[in-house]
Amino acid sequence: MRLILIGAPGVGKGTQGALLAESHGLARVATGDILREAVRQETELGREARAYMDEGELVPDELILELIAAELAEEADGFVLDGFPRNIQQAKGLDGILDDLGLDLECVVVLEAPDDVLVKRISGRRSCARCGAIYNAHFDPPTVAGVCDRCGAALVHREDDREEVVRNRLRVFRRETEPLIQYYHDSDLPVEVVDGDRPVDQVQATIRSALAPA
């Protein structure tokens with residue numbers, strides 16, 4: 001099985017992609033993980049990517065596509081692409097990679113949730129710098145506001161988790177990534193839209209049901 005998982009920040013792509021990969025014996029291919037691993041191993045592509053990352057710049061699509069091509073060549077039997085492609089240009093590049101590898105995508109799964117829910121999920125996150133515990137001010141708050149239940153250290157609200165930053169990320173998603181849904185509809189690839197505003201196990205069950213053979 002070879003599929004793409006699309007969804008806005010905070011909708012649960014990482015969680016659902018990992019569960020899906022485990023249950024179906026697939027490789028989970030996430031660009032962030034690939035970039036970090038390439039940089040860690042100091043591969044040629046990793047060194048190129050790090051030069052951009054160290055300057056705070058986005059890694060160019062061409063370099064991302066090279067990394068994806070190398071990864072998919074090793075995972076031809078089955079994979080879930082988590083958060084990639086992010087725009088039409090990357091989607092067209094992916095089409096070319098798959099053609100070169102003689103592979104076909106089988107499905108696109110779109111996770112959806114209201115923006116207000118996504119904002120609460122991300123902007124409500126609080127983390128403990130000492131022990132790594134994660135909380136959410138709206139859904140899973142600590143016993144004492146701003147204090148870690150485990151170790152008593154002060155909780156941190158990351159700058160990129162602040163509401164105004166999250167809302168901007170959602171605007172970027174709507175502008176650049178959401179058009180992929182129509183792109184894949186137009187390509188006659190099956191597109192399954194799943195309500196992501198539910199408990200993790202219910203969302204996963206719906207995805208598995210949608211992917212089950214008719």
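Just so we're clear, the structure is a prediction, and the values are computed from it rather than from any experiment. Hydrogens, waters and symmetry mates play no part in the numbers below; they use all other heavy atoms, side chains included.
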At what distance, to the nearest 0.5 angstrom, does CZ of Phe84 lie from CD1 of Ile34?
8.5 Å

Drop me the distance from Ile68's CD1 to Leu45's CG, to the nearest 0.5 angstrom.
11.5 Å

Rounded distance [0.5 Å steps], CD in Gln182 versus OG in Ser187:
10.0 Å

Quick one: do Ile6 and Leu19 end up in the same hydrophobic cluster if we chain Ile, Leu, Val, Met, Phe, Trp and Tyr together by side-chain heavy atoms under 4.5 Å apart?
no

Apply side chain to side chain donor-acceptor pair (under 3.5 Å) to Asp195 and list each qualifying residue two or more places apart in sequence or on a separate chain.
none

Sequence neighbours excluded, which residues qualify as side-chain contact (heavy atoms from CB on, under 4.5 Å) partners of Glu159?
Arg162

Should Leu81 and Val193 be counted in the same cluster of Ile, Leu, Val, Met, Phe, Trp and Tyr side chains packed under 4.5 Å apart?
yes

Pairs flagged by side chain to side chain donor-acceptor pair (under 3.5 Å) wherever residues 118-131 is involved - sequence neighbours left out
Arg125-Asp161, Arg126-His157

Qualifying salt bridge (charged side-chain N to carboxylate O under 4.0 Å, His left out) pairs with a residue from residues 5-22, counting only residues at least two apart or across chains:
none

Does a side-chain heavy-atom distance below 4.5 Å link Arg40 with Arg36?
no

side-chain contact (heavy atoms from CB on, under 4.5 Å) partner of Tyr184, chosen from Pro190, Cys107, Pro85
Pro85

Per-pair distances, 0.1 Å, donor-acceptor, side chain in residues 174-181, under 3.5 Å, sequence neighbours excluded:
| unit_1 | atom_1 | unit_2 | atom_2 | d |
| --- | --- | --- | --- | --- |
| Arg174 | NH1 | Glu178 | OE2 | 2.9 |
| Arg174 | NH2 | Asp115 | OD1 | 2.3 |
| Thr177 | OG1 | Arg86 | O | 2.6 |

For Glu42, which residues count as a side-chain contact (heavy atoms from CB on, under 4.5 Å) partner, sequence neighbours excluded?
Arg47

Selection residues 140-153 - residue pairs positive for side chain to side chain donor-acceptor pair (under 3.5 Å), sequence neighbours left out
Thr143-Asp149

Ile4 vs Leu94 side-chain heavy atoms within contact, under 4.5 Å
yes

Under 3.5 Å, is there a donor-acceptor pair linking the side chains of Asp95 and Tyr183?
yes

Pairs in or reaching into residues 98-112: which pass salt bridge (charged side-chain N to carboxylate O under 4.0 Å, His left out), with residues at least two apart or in two chains?
none

Assess whether atom CD of Gln41 is packed by more than 12 heavy atoms of other residues, nucleotides or ligands within 6.0 Å.
yes

Does the distance from a Lys or Arg side-chain N to an Asp or Glu carboxylate O, for Arg167 and Glu164, drop under 4.0 Å?
no

At what distance, to the nearest 0.5 angstrom, does CG of Leu35 lie from OH of Tyr52?
12.5 Å

Other ILVMFWY residues reachable from Leu111 by side-chain steps of under 4.5 Å:
Met1, Leu3, Leu5, Val11, Leu20, Leu26, Val80, Val109, Leu118, Val119, Ile122, Val166, Leu170, Val194, Val203, Ile207, Leu211

Between Phe79 and Leu105, does a side-chain contact (heavy atoms from CB on, under 4.5 Å) hold up when you go through it step by step?
CA-CA 10 Å; Phe79 54 78; Leu105 287 172; 4.2 Å; yes

Mind checking what makes side-chain contact (heavy atoms from CB on, under 4.5 Å) contact with Asp160, not counting sequence neighbours?
Arg158, Val165

Tell me which pairs pass side chain to side chain donor-acceptor pair (under 3.5 Å) where either residue lies in residues 65-79, with sequence neighbours left out.
none

For Pro141, all residues meeting side-chain contact (heavy atoms from CB on, under 4.5 Å), sequence neighbours excluded:
none

Please give me the minimum heavy-atom distance between Gly46 and Val39, naming the atom from each residue.
O-CG2, 3.6 Å

